[in-house]
S.K.: 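Structure provided below as structure tokens; questions to follow.
Just so we're clear, the structure is a prediction, and the values are computed from it rather than from any experiment.
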Amino acid sequence: MGCCCCLCSLLLLVSAFLGLLCVPQVQQQMNRLRYQNIENAPVATVLYIVDLVSNTVQCSPKLLEGNIEWLTCVKNKVALSGPEVLGWEAGAVMGRNFKGEVAPWVYSHAAYRTIVYDPSARRTPHHLSQCNTSSTWPQGLDALLVNMHTGDPDWAARRKLFFDALPALHLDGSGHGMDAVVPKGVRPRDGKSKRKVNDVVGATLFRFLFDIDVEAELAEMFWYDETIGPCIVTTIPPGSDKVSRMTKLRDEVLFNKVLASSVGRGFMELAQERGMDGTMKLKEILWIVLFAAYGGTSNVVHDTLSFALKDADRQADIFRENPTAYMLEGARLFPAVAGMNPWMVKEGVEGILGGKLKLPDGSPVAAEAGAYGFMLTSGANRDPTVFPEPAEFRPGRPEAERLLTFNNELQDVRKCADASTAGCPAAPRPCLGTWLAVRVAKAALAFFLSDYGSAATKSKGAGKTGEL
């Protein structure tokens, strides 16, 4: 009886503690202490764990909607913890990265821009988020495009090859105004299924980009995405058996299908003309396509659908009024990636608001050159100094194209003749597949919302035409 009472008392204390952590004012004060004591590793680590537990508990109801919704909730809470303590003007807080280094965590729109618009921005050689992904790269690849420094001549040459060889990457490229490619067995009302969303995005993506049919590979592609995903949010890469299976799908099955297509043959010919290893470059772009274009775009579409299907008929009508505006608002509130992470800090953190970083008490703080810094797209896209009432889902807002989901503002990417290539001062480092992602996402949303809404809007056939 005594042990039972002790256990009950302990459970009550734990419940009370967890409940207390969920009080916004309490969590904010804990974060203030963490940021103020960031150079004290033991204290900062304990307070970080406490904050993580608090976010996990607060977001736990989202698990009923799926893992992606839960992760989105946690990302938003992490992104907003900085401005809740320091305000938006500060732009960044000092945190500890996965290496234990003290480094900036950038959250404001202005601070984010100073990094991604830097023509000499430095990237880490092997990491995406917290994971060293190099063990999953094609064998023999010396560097992955997304990990190369902005302005590196090889980085620019690779981007130029990909852009010139793949018309779907152009603003007016292939796939413009086309319907989604729908695999057998997928219905419009399957939008709550992550697997079905991935299947439509995957089939559409490979048709638009390479003009090939990958329906037979969709199950394996979904497994691939579920395997690489945990690597990105942890420090643990897939084991050798999983890497072998990933390599077989990407570097053999999909590679051979692309190689047999007219797009693939043109890619190889152009690479040869430019003195580049076409086989290696095609395998490289397939790695990027599966990770970012397939995995990332699927997440944006799924998250946007999760929101839309809570009031499906009304949201379907709003979508059809302007499909592109709707998709961009989904990309703003539910960005697929946390940011260009990690990036390498320069001496004195110059470039981040002039290096004027501070602790909560106002004292200045700096990070050592070479430290791994992080940025938070969910923060930049919800900065109220740029996006009024940022939590509101408002398609067509005047500042819509200032979102940083695609690493540079969309309105700036439009200013570049070759919108996805390197060397344009207006947009130094946009996502290579910006326009392709917009087209694929819009087509997928049009399909999954096609059974909802009024008869009047259904007759418009939204998603089939329209400008980006």
S.K.: Check the surroundings of atom CD1 in I236: do more than 12 heavy atoms from other residues, nucleotides or ligands lie under 6.0 Å from it?
M.R.: no
S.K.: Might you work through the side-chain contact (heavy atoms from CB on, under 4.5 Å) test for D412 and R113, ending with a clear yes or no?
M.R.: CA-CA 12 Å; D412 292 335; R113 271 185 57 102; 3.3 Å; yes
S.K.: Assign the ring pair W105 / F374 to parallel, tilted or perpendicular, where the plane angle (0 to 90°) is split at 30° and 60°.
M.R.: parallel
S.K.: Between the side chains of R245 and E220, is the shortest nitrogen-to-carboxylate-oxygen separation below 4.0 Å, so that they form an ion pair?
M.R.: yes
S.K.: What I'd like to find out is whether the side chain of V200 reaches to under 4.5 Å of the side chain of P183, using heavy atoms alone.
M.R.: yes
S.K.: Check for a donor-acceptor pair, side chain of Q28 on one end and backbone N or O of E84 on the other, with a separation under 3.5 Å.
M.R.: yes
S.K.: Report yes if the side chains of L309 and F448 come closer than 4.5 Å at any heavy-atom pair, otherwise no.
M.R.: no
S.K.: Cation-pi between K281 and F267: NZ/CZ under 6.0 Å from ring centre and within 45° of the ring axis?
M.R.: no
S.K.: Using 4.0 Å as the upper bound for N to carboxylate O, is an ion pair formed by R414 and E401?
M.R.: yes
S.K.: Which of these, F162, W435, F163, sits in a ring-ring contact (aromatic ring centres under 6.0 Å, His included) with H170?
M.R.: F163
S.K.: Is there a donor-acceptor pair closer than 3.5 Å between any side-chain N or O of T405 and the backbone N or O of A331?
M.R.: yes
S.K.: Between R158 and D154, does any NZ, NE, NH1 or NH2 come within less than 4.0 Å of an OD or OE carboxylate oxygen?
M.R.: yes
S.K.: Check whether any side-chain heavy atom of V181 sits under 4.5 Å from a side-chain heavy atom of F206, and report yes or no.
M.R.: no
S.K.: Between N381 (side chain only) and L404 (backbone N and O only), is there a donor and an acceptor less than 3.5 Å apart?
M.R.: yes
S.K.: With a 4.5 Å cut-off on side-chain heavy atoms, are I285 and V258 touching?
M.R.: no
S.K.: Under 3.5 Å, side chain of S174 to main-chain N/O of F208, donor-acceptor pair present?
M.R.: yes
S.K.: Indicate whether the side chain of D303 and that of T72 have a donor and an acceptor atom separated by less than 3.5 Å.
M.R.: yes
S.K.: Within the 3.5 Å criterion, strictly below it, is a donor on Y48 or R96 matched to an acceptor on the partner's side chain?
M.R.: no
S.K.: Ignoring hydrogens and angles, state whether a donor on the side chain of E409 or Y117 is under 3.5 Å from an acceptor on the partner side chain.
M.R.: no
S.K.: Between R397, R394, K442, which is the residue that forms a salt bridge (charged side-chain N to carboxylate O under 4.0 Å, His left out) with E329?
M.R.: R397
S.K.: Can you label the angle between the F307 ring and the F334 ring as parallel, tilted or perpendicular, going by 30° and 60°?
M.R.: tilted
S.K.: Check side chain to side chain donor-acceptor pair (under 3.5 Å) between N341 and all other residues, then give those that pass, not counting sequence neighbours.
M.R.: none
S.K.: Considering only heavy atoms from C-beta outward, does the side chain of M327 approach that of V438 to under 4.5 Å?
M.R.: yes
S.K.: Both conditions, 6.0 Å and 45 degrees, for the charged tip of R332 above the ring of F387: are they met here?
M.R.: yes
